[in-house]
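In this text, all values refer to a predicted model and were calculated from it rather than measured experimentally. Protein chains get the first letters and strands the later ones, always in sequence-line order, with residue 1 at the start of each.
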There are 2 protein chains.
Amino acid sequence: MSAGLKPDMFDPACPTTVMPFQIGDKWTAMVVLCLEDGPRRFTELRVPLRRVTPKVLSETLRSMERDGLINRFAYDENPPRVEYSLTPLGRSLLTLVDAARSWCTDHMDDLVAAREAYTRSA
Amino acid sequence: MSAGLKPDMFDPACPTTVMPFQIGDKWTAMVVLCLEDGPRRFTELRVPLRRVTPKVLSETLRSMERDGLINRFAYDENPPRVEYSLTPLGRSLLTLVDAARSWCTDHMDDLVAAREAYTRSA
DNA sequence: CTGCATCCGAATGGATACTG
DNA sequence: CAGTATCCATTCGGATGCAG
């Protein structure tokens with residue numbers, strides 16, 4: 001497990017990015033998905049989440065740590081190394097995230113069609 | 001079906017109100033729940049959602065209509081009467097909302113405990 | 001490398017008052 | 001009744017630069 005995260009994991013072209021779901025902060029759900037396969041380092045998370053500035057990412061991570069969704073482990077090394085991993089609580093979110101993803105894939109066409117129909121009639 | 005909506009349906013004291021989930025706009029999920037049992041009028045929705053100003057509520061409703069989640073039907077009467085109801089697409093969101101609610105009730109204690117532990121150690 | 005500090009613009013959401 | 005108009009406070013997220 002724990003293959004490298006792909007840069008296009010959350011590509012803006014991917015319609016799920018504009019889906020009407022949100023868990024916690026704007027990026028929480030994506031972080032959960034990134035950590036699904038094991039611990040990740042800060043810089044590693046920045047690969048798929050390259051539209052997130054470090055400030056916002058660290059804010060997101062800290063609030064997730066506060067809520068007990070992730071663990072933060074800082075190795076006492078130089079250069080510094082920090083790993084984030086899902087807690088059982090955070091892992092339990094995966095089913096919900098998957099449910100949301102299923103809904104998106106199932107109903108995305110409807111949603112796009114609805115928006116088009118709406119703008120046409122306007 | 002369609003008994004009156006209770007004012008305390010989304011009481012701030014209810015912990016699910018601060019849960020880390022969001023569907024669409026801030027109030028979308030609550031509107032979906034309000035419409036679960038049938039069509040509702042604008043003022044009717046304002047009862048449980050009394051913390052939402054009319055401006056924000058109408059914005060929410062319009063964006064939900066745009067996304068094909070609800071239907072808006074305006075009777076040609078005076079005084080005016082408008083009813084909102086879930087489309088099949090909007091109704092399909094109910095399973096997701098329920099999943100989110102289940103997660104909340106199942107893990108709320110963990111979440112509260114995590115926050116307390118965090119603030120204690122800080 | 002992993003973040004924190006500071007500044008800033010945009011967007012969100014709310015209060016209040018008013019209209020057809 | 002069902003909104004709209006206007007104004008405003010707060011928040012959010014991004015850019016940049018710096019520190020351990």
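Distance NZ (A/Lys26) to P (C/dT12): 9 Å, rounded to an integer number of Å. Atom CZ of B/Arg50 is separated from atom P of C/dA15 by 13 Å (rounded to the nearest Å). Rounded to an integer number of Å, the gap from B/Asp25 CG to C/dG14 P is 11 Å. The CG-P distance, from B/Leu57 to C/dA15, rounds to 14 Å in whole Å. Rounded to an integer number of Å, the gap from B/Phe73 CZ to D/dG3 P is 13 Å. Put simply, CD on A/Gln22 is 11 Å from P on C/dT12, counting in whole angstrom units. B/Leu49 has its CG atom 14 Å from the P atom of D/dG3, to the nearest Å. Taking atom CZ of residue B/Arg81 and atom P of nucleotide D/dG3, one finds them 13 Å apart after rounding to whole Å.
Residue B/Arg51 has no polar side-chain atom (N or O) positioned under 4.0 Å from OP1 or OP2 of C/dG14. Considering only side-chain N and O atoms, A/Thr53 lies nowhere under 4.0 angstrom from the phosphate OP1 or OP2 of D/dG13. Taking only side-chain nitrogens and oxygens, B/Trp27 comes nearer than 4.0 Å to OP1 or OP2 of C/dG14.
For the pair A/Leu94/A/Leu33, a side-chain contact is recorded, criterion being any heavy-atom separation below 4.5 Å from C-beta on. At least one side-chain heavy atom of B/Trp27 sits under 4.5 Å from a side-chain heavy atom of B/Arg51.
Remark: A/Asp25 pairs with no residue by the salt bridge (charged side-chain N to carboxylate O under 4.0 Å, His left out) rule, at least two apart or across chains. Shown here are the salt bridge (charged side-chain N to carboxylate O under 4.0 Å, His left out) partners of B/Glu83, two or more places apart in sequence or in another chain: B/Arg81. Considering only residues two or more places apart in sequence or on other chains, B/Asp98 meets the side-chain hydrogen bond (donor to acceptor under 3.5 Å, both in side chains) condition with B/Arg101.
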Item to complete: Check the pair A/Asp109, A/Val112 against side-chain contact (heavy atoms from CB on, under 4.5 Å), reporting the backbone distance first and the verdict last.
Response: CA-CA 5 Å; A/Asp109 294 344; A/Val112 172; 5.8 Å; no
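Of all heavy-atom pairs between B/Asp67 and A/Leu111, the closest is O-CG, 4.1 Å. Among all heavy-atom pairs drawn from A/Pro39 and A/Glu44, the shortest one is O-OE1, 4.5 Å.
Listed by first and then second residue, the ring-ring contact (aromatic ring centres under 6.0 Å, His included) pairs involving residues 46-81 of chain A are A/Phe73-A/Tyr75 (not counting sequence neighbours).
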If you restrict it to nitrogen or oxygen atoms, what contacts under 3.5 Å exist between nucleotides 3-6 of chain C and the protein, and what is each distance?
unit_1, atom_1, unit_2, atom_2, d
C/dG3, OP1, A/Arg72, NE, 3.3
C/dG3, OP1, A/Arg72, NH2, 2.2
C/dG3, OP1, A/Tyr84, OH, 3.4
C/dG3, OP2, A/Tyr84, OH, 2.6
C/dC4, OP2, A/Ser58, OG, 3.2
C/dC4, OP2, A/Arg62, NH2, 2.9

Give me the distances for all protein-to-nucleotides 18-20 of chain D N/O pairs that come in under 3.5 Å?
none

